[in-house]
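Only one structure is covered here, and it is reproduced in the block below.
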Amino acid sequence: MFLKYLLPLIFITGCGKKSSNHNPANLSDTLTAWSCNKDFRVLPAYTNIKNYLAFENFGTAGIGRCRGHSIVSQSMEMLARFNERLPHPCQNQDEYQCYTTMYELINKILNGSIQTIGGFDSLYTFSGDPTAQRVLRLKVASISHRYSASESPMESYEYGNDNTNVFFDIVRRVKLRHRPYVGILGKYRIGNHALIAYKLNYRQKIPSICVRDPNIVIEASPYEDCQNYLYLKNGEMFYHQINNDRDEELLSASLQTDEDDRVQRYIDIHFKYCKKASGK
């Protein structure tokens, strides 16, 4: 497998394929408690339905920020914890001090430190705070849309075409409590774009993949609850968006090696944090 330089989410397909006897779709939806278990695949469970950024993708016509928005959203969800009963990080601070505090706090999280943030119940409410949002938008803008990555190896290549194999590998990763970063390219309407998969939904035992779209913010109850999702139809992958009447057929969907690196980093961080917290 070789590296290619990617322009804004131009996806690599067709390299390094091989057969496998694994069947990721049969992985159990119910995993045992994480409990400092150093399983290289599994991440802790997340149950907060408002763990996403409260602001949309931005830039020139929204182009070029979906990658940064998705990565910051994923990292904050994985590593930030919220407790509204604890003091606000900027309690008794002026505007300048508060910006410095928020910058240092968010920087710690994005650099790989699990932090509990007081005064907020979720990433949604935290990222709606004007000062926190200024910092988060700065971090989104700092992530380049140009990057180097190769196609991530699938657990199985036996499901069918490229998109079908990717679909079932996303299913496998979501069952392992990952929040996989997925690159997509639509056939008609959607250009190169990034999504975060966060949950599975079943209709007659057939899974659809609930996704977080940086161009769409769900602002009211039930908040994110699979309003946007990927599904298979006649061997092709489609994307249903809440604000579009017609579902988009995808030319390609991609999982890449930089996503694998991020997931392994999250697992290592949580393992070390859990061991330290338990005194082991």
pair Tyr96-Cys98: side-chain heavy atoms closer than 4.5 Å:
no
Atom CZ of Arg246: over 12 foreign heavy atoms under 6.0 Å:
no
Does some side-chain heavy atom of Met154 sit less than 4.5 Å from a side-chain heavy atom of Phe168?
no
pair Tyr181-Ile196: side-chain heavy atoms closer than 4.5 Å:
yes
Short side-chain donor-acceptor distance under 3.5 Å, Asp268 and Gln264
yes
Can you name the residues that form a side chain to side chain donor-acceptor pair (under 3.5 Å) with Tyr52, not counting sequence neighbours?
none
Mark yes or no for whether Asn48, through its side chain, and Asp121, through its backbone, hold a donor-acceptor pair below 3.5 Å.
yes
Do Val171 and Ile209 have side chains that get closer than 4.5 Å, going by heavy atoms?
yes
Cluster overlap Leu79 with Leu86, hydrophobic side-chain contacts below 4.5 Å
no
Give, for atom CD of Gln74 and atom CG of Leu53, the distance between the pair rounded to the nearest 0.5 Å.
11.5 Å
Decide yes or no on side chain to side chain contact (heavy atoms under 4.5 Å, CB included) for Leu43 and Leu176, but give the supporting numbers first.
CA-CA 6 Å; Leu43 279 163; Leu176 293 171; over 6 Å; no
Walk me through whether Lys139 and Ile143 qualify under side chain to side chain contact (heavy atoms under 4.5 Å, CB included).
CA-CA 7 Å; Lys139 294 298 183 181; Ile143 297 176; over 6 Å; no
Any carboxylate oxygen within less than 4.0 angstrom of a Lys/Arg side-chain nitrogen, looking at Glu259 and Arg262?
yes
Tell me whether the guanidinium CZ or amine NZ of Arg179 lies under 6.0 angstrom from the six-membered ring centre of Tyr266 and within 45° of its axis.
no
Dump the intermediate steps for ring pair (Phe, Tyr, Trp, His ring centres under 6.0 Å) on His69 and Phe58, then the final yes or no.
CA-CA 9 Å; His69 191 287; Phe58 57 92; 7.5 Å; no
No-hydrogen, no-angle side-chain donor-acceptor test under 3.5 Å, Thr164 and Asn161:
yes
Donor-acceptor pair, Asn228 side chain versus Cys210 backbone, under 3.5 Å?
no
Restricting to non-hydrogen atoms, name the atom on Val174 and the atom on Ala197 that form the minimum distance, rounded to 0.1 Å.
CG2-CB, 3.9 Å
Rounded distance [0.5 Å steps], CD1 in Ile267 versus CZ in Arg177
11.5 Å
Does Ile117 reach the side chain of Phe82, with side-chain heavy atoms less than 4.5 Å apart?
yes
Correct closest heavy-atom pair for Leu255 and Pro180 would be CD2-CB, 4.2 Å
Pairwise side-chain contact, Ile242 with Ile216, heavy-atom cut-off 4.5 Å (strictly under):
yes
For a quick test of reading the model, state the closest non-hydrogen atom pair linking Ser208 to Phe167 and the distance between them.
CA-CZ, 4.4 Å
Are Gln93 and Thr101 linked by a side-chain donor-acceptor pair shorter than 3.5 Å?
yes
Could you list the residues that satisfy ring-ring contact (aromatic ring centres under 6.0 Å, His included) with Phe120, not counting sequence neighbours?
His88, Phe126
Regarding Thr131 and Tyr103, is there a side-chain donor-to-acceptor distance under 3.5 Å anywhere?
no
Evaluate whether atom OH of Tyr273 has more than 12 neighbouring non-hydrogen atoms of other residues, nucleotides or ligands under 6.0 angstrom away.
no
Just by distance, with hydrogens left out, do Asn51 and Tyr198 show a side-chain donor and acceptor under 3.5 Å apart?
no
Can you get from Val166 to Tyr157 by hopping between Ile, Leu, Val, Met, Phe, Trp and Tyr side chains that sit under 4.5 Å apart?
yes
For a 4.5 angstrom cut-off between non-hydrogen side-chain atoms, does Leu195 reach Leu230?
yes
Please report the interatomic distance OG(Ser73) to CG(Asn57), rounded to the nearest 0.5 Å.
11.5 Å
Shortest non-hydrogen contact from Ala194 toward Pro214:
O-CD, 3.1 Å
Would you say that Asn215 contacts His193 through its side chain, given a criterion of any heavy-atom pair below 4.5 Å between the two side chains?
yes
Could you tell me whether Arg212 and Glu77 have a side-chain N and a carboxylate O separated by less than 4.0 Å?
yes
Heavy-atom donor-acceptor pair, Thr125 side chain to Ser122 backbone, under 3.5 Å:
yes
Write down the atom of Tyr239, the atom of Val211, and the distance for their closest heavy-atom approach.
CE1-CG2, 3.5 Å
Is it possible for you to say whether Tyr231 and Tyr159 belong to one hydrophobic cluster, with membership spreading through side-chain heavy-atom contacts below 4.5 Å?
no
Of all heavy-atom pairs linking Leu250 and Gly186, the shortest is CD2-CA, 4.0 Å
Measure the spacing between CD of Gln241 and CD1 of Ile190 and express it to the nearest 0.5 Å.
4.0 Å
